[in-house]
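One structure is given here, and the rest of the page talks about it.
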Amino acid sequence: MKLKNILLYSVASLLFAGCSKSNTSKMDNFIDQLMDEMTVKEKIGQLNLNVSGGFVAGEGINGNTVPLEQRIENGEIGGLFGMKNVEVIKHWQQVAVEKSRLHIPLLFGMDVIHGYDVTFPIPLALASSWDPDMIEQVARTSAIEASSDGVNWVFSPMVDVCHDARWGRIAESAGEDPYLGGEIAKAWVRGYQTNNLLDAPDNVMACVKHYALYGAGEAGRDYNTVDMSRPKAMNEFMLPYKAAAEQGAGSFMASFNEFEGIPATANEYLLDEVLRKRWGFKGFVVTDYTGIMEMTNHGIGNELEVTARALKAGIDMDMVSEYFTTHLQEAIEKKMVKMDDIDRACRRVLEAKYKLGLFDDPYKYCDVARAKATLGKAEHVKQARKVAQQCQVLLKNDGNLLPLKRNQRIAVIGPLGNSANDMLGCWSGSSEKVLPVSLIDGLKIAVGTQGRVEYATGSHLVKNPELEKILVGSFMGLAKAGNAKESTWRSNGELLREALVVASRSDVIIAALGENMNMNGEGASRATPNLPEPQLQLLEALVATGKPIVLVVFTGRPLELTWADQHVPAILNAWFPGVEAGNAIADVLFGDVNPSAKITVTFPRSIGQIPIHYNHKNTGRPHSADDAPYIRFKSNYIDVVNAPLYPFGYGLSYTTFAYARMKLSSNTLSKDGKLTVSIQVKNTGARAGKETVQLYIHDVISSSTRPVKELKGFKQIELQAGECQIVSFEITSEDLKFYNHELEYVCEPGEFEVMIGPNSRDVISASFVYN
Ligand code: BGC
């Protein structure tokens, strides 16, 4: 029996070596033969994804303490994740291929979220570049590094649209806009799976997450309930998932949240009806971490019932719960699932392995020499610096305080100023070889002997010492501990006194404030997403010195920065810039690079405005203007204007751009026609700069209410000082479509407003009629 299987494996390997993904009938035949040989238990084993921690699979979960090696030999494991190191991965692949009865190779997954060994800026920062090509290159480098180290499957891109700064995972997303999110989602997939040739040795399989609507949890609390109408979901949140599916992403991850009262992990509408039937997704779906197990907490059934529900809804792989391995057999016996359901899921997992070329060569990702030559390469670090330069958003620059001169005395003050590990942001656990550069170190290198850079901590990260201890600890055993901390606990008063002495002997102060790496990402919701109290008090004291101040904000979310905006002349939102943080920020602060990034999330003026997003509806009682004062019985607040502090799409440059002469090629558009809208953009400042020109459309009258504006296009141009360029966009009926109340994707005749500008607020508009 064993011999026959070895034969099957080796004959098949020879026969199908070099098979491309296009050869589906060969793949089907291969998998048919393989599945003919598989026992039910082995089939269920393929649906089981284990976290590798401690190398005892499922420890603590279902009390399973059987050693991993034995479980792999028994064919109980389809894949492992969270394991770093090519030699370690090679070892486990050998166990699967050489010791299990059918020699089926394992998938090796990893949370490669913004880089593998070389960490790039967090995804929210990357999105601020508005540069999908650049993001594709980030994904490419991540794939090259990860695949060299044994990983063949990455849990990325995260494409959840989010309107809520309280949610810590907004840091992993592209922000609030579905169109931009879709463009960026496609770029990630292209970069990981170049040309969808999954068997290329430096491609990895993407896993689009978290499907679906995970970014819309109530009150920004992680894992919280999501409920919204289907049209709202389709119009405002689903586009990036759809875009990634259409781009050919190999797998999807179901989200933790519920939708319409059914957890996504058992949601047939989401998994089967929308993802597979409507969008034609052909890959496999994995749960999120213990997603099946958590459905007992959701209260939709006991262990057996939730297991059956997940499989029947369309889940193919169980991450960590061990519910498939524990309960599926019984579910078949009790006729709660059919053998066909298991076969279908097993086939999808095997197809993924086949497409990755693992049956041809299970060790194709396990070349130790390649890993050595690839990880942390100098050219990747160079790329990380360039990318980080493109992600920093200049929010304010009164009196052109920036760029700074090098030949002066610079005081860097704040808990994030000397905090190298924090610069990596959330999900940077696989970064090991290249050390991150702190802000102070980057500035010192940039200034050299031309000036002087001094540092003081100035304040604690947060007010509560116990909380601070947690926040500077390591997170999920993956990320390194952040280091925004004092080695001994000194009072804020003492830290401030020291900082004021350093400030007093400076010409300019750089305040380095915000969040540390553990204040964003998973399980890091904040009810008050602002500058924590001790840091704000520090900033107030620094402002009181009367010295010029530049605030550099480290954050994974749009913080409420209202006081800072009112009192500090220059603000640079640096996000978490990755491994080259200090160098890239110095490049911008000293003007070697002209900032060009623009926020893809609305920055609130008050936390009470959250959730806030630019593409909101008009209501029946709209206020006359976003910044108009309070009027009773209008849709507004007594205590704050509707306008955000910084609108979606906003970001300054060291030069200025003027928009004028908007023109439409026609004032009507027909079903198969095209309309060109153009505008003149001029660099009116004194230096060259890059500008992202944004196109918005508003459907003035339609059968369902529509947002006041929606992003439908953007273009980046580079202009020399004084240079002028006409930028044009083509509009077709495709750009006017939306999901109506019946969930039909339609374009309705009538008037449309078209707007172009440097951000979602400062637009020039014109209108046309679609007929
Ligand atoms: C997260 C996912 C992640 C998974 C595996 C979960 O807790 O929600 O984004 O991919 O863990 O690490």
Side-chain angles (χ1 to χ4, degrees), residues 48-54 57-58 60-61 77-84 107-116 122-124 139 142 146 151-162 167-174 185 188-189 192 204-217 220-224 226 240-241 244 249-258 263-265 283-295 297-298 315-322 425-431 474-479 517-518 520-525 556:
N48 189 26
L49 176 66
N50 266 219
V51 68
S52 57
I61 289 173
I77 309 265
L80 295 169
F81 75 96
M83 187 181 267
K84 193 171 186 235
L107 288 174
F108 288 95
M110 181 65 138
D111 284 287
V112 178
I113 309 298
H114 49 116
Y116 182 72
I122 54 167
L124 188 58
S142 311
V151 171
N152 47 38
W153 183 30
V154 293
F155 300 151
S156 170
M158 189 280 211
V159 304
D160 305 323
V161 169
C162 181
W167 193 46
R169 303 198 78 171
I170 197 171
E172 298 171 50
S173 82
W188 283 111
V189 176
Y192 290 135
V204 287
M205 182 172 279
C207 184
V208 180
K209 66 190 192 184
H210 307 81
Y211 184 74
L213 311 169
Y214 183 34
R221 186 150 57 78
D222 210 354
Y223 320 118
N224 209 1
V226 172
Y241 306 111
S251 66
F252 262 62
M253 186 186 293
S255 54
F256 288 124
N257 57 281
E258 66 170 74
T265 310
F284 75 98
V285 181
V286 62
T287 70
D288 203 344
Y289 203 104
T290 58
I292 302 181
M293 179 192 276
E294 291 175 21
M295 291 199 287
N297 287 340
H298 279 282
I315 293 293
D316 304 306
M317 208 173 204
D318 168 5
M319 186 194 288
V320 180
S321 292
E322 293 278 352
C426 57
W427 286 122
S428 46
S430 51
S431 159
S474 73
F475 174 53
M476 300 198 320
L478 262 179
M517 63 150 65
N518 289 340
N520 59 96
E522 185 170 353
S525 293

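Indexing begins at 1, ligand by ligand and atom by atom, following the structure's order. In what follows, every heavy atom counts, from backbone to side chain, and hydrogens, waters and symmetry copies are set aside. Residues take their numbers from the sequence shown, with the count starting at 1.
- Of the candidates D111, V154, L49, the one placing a heavy atom closest to atom 3 (C) of ligand 1 is D111.
- Residue contacts with ligand 1 for K209 involve side-chain atoms from C-beta outward but no N, CA, C or O (heavy atoms, distance under 4.0 Å).
- Using cut-offs of 30° and 60° on the angle between ring planes, the pair Y223 and Y214 is parallel.
- Ligand-side atoms of ligand 1 in range of D288: 1 (C), 2 (C), 3 (C), 4 (C), 6 (C), 7 (O), 8 (O), 11 (O), range being under 4.0 angstrom from any heavy atom.
- Under a 4.0 Å criterion applied to the non-hydrogen atoms of H210, ligand 1 contributes the atoms 2 (C), 8 (O), 9 (O).
- For N520 and E172, the side-chain atoms include no donor-acceptor pair closer than 3.5 Å.
- Minimum interatomic distance between W167 and D160 (heavy atoms only, all atoms of both residues): CH2-OD2, 3.9 Å.
- Using a 4.0 Å cut-off between heavy atoms, M158 makes no contact with ligand 1 at all.
- Note: Y241 and F252 have tilted aromatic rings, judged against thresholds of 30 and 60 degrees for the angle between ring planes.
- Considering backbone and side-chain N/O atoms, R169 comes within less than 3.5 Å of an N/O atom of ligand 1.
- For ligand 1, the polar-atom distance check finds no N/O of W427 at less than 3.5 Å from any of the ligand's N/O atoms.
- Y192 and W188 have parallel rings, their planes meeting at less than 30° on a 0 to 90° scale where 60° marks the start of perpendicular.
- Side chain of S255 to main chain of A212: a donor-acceptor pair is present (N/O by atom type, distance under 3.5 Å, no hydrogens or angles).
- Every atom of ligand 1 is numbered from 1 in the order shown, and the set under 4.0 Å from a heavy atom of F81 is 5 (C), 12 (O).
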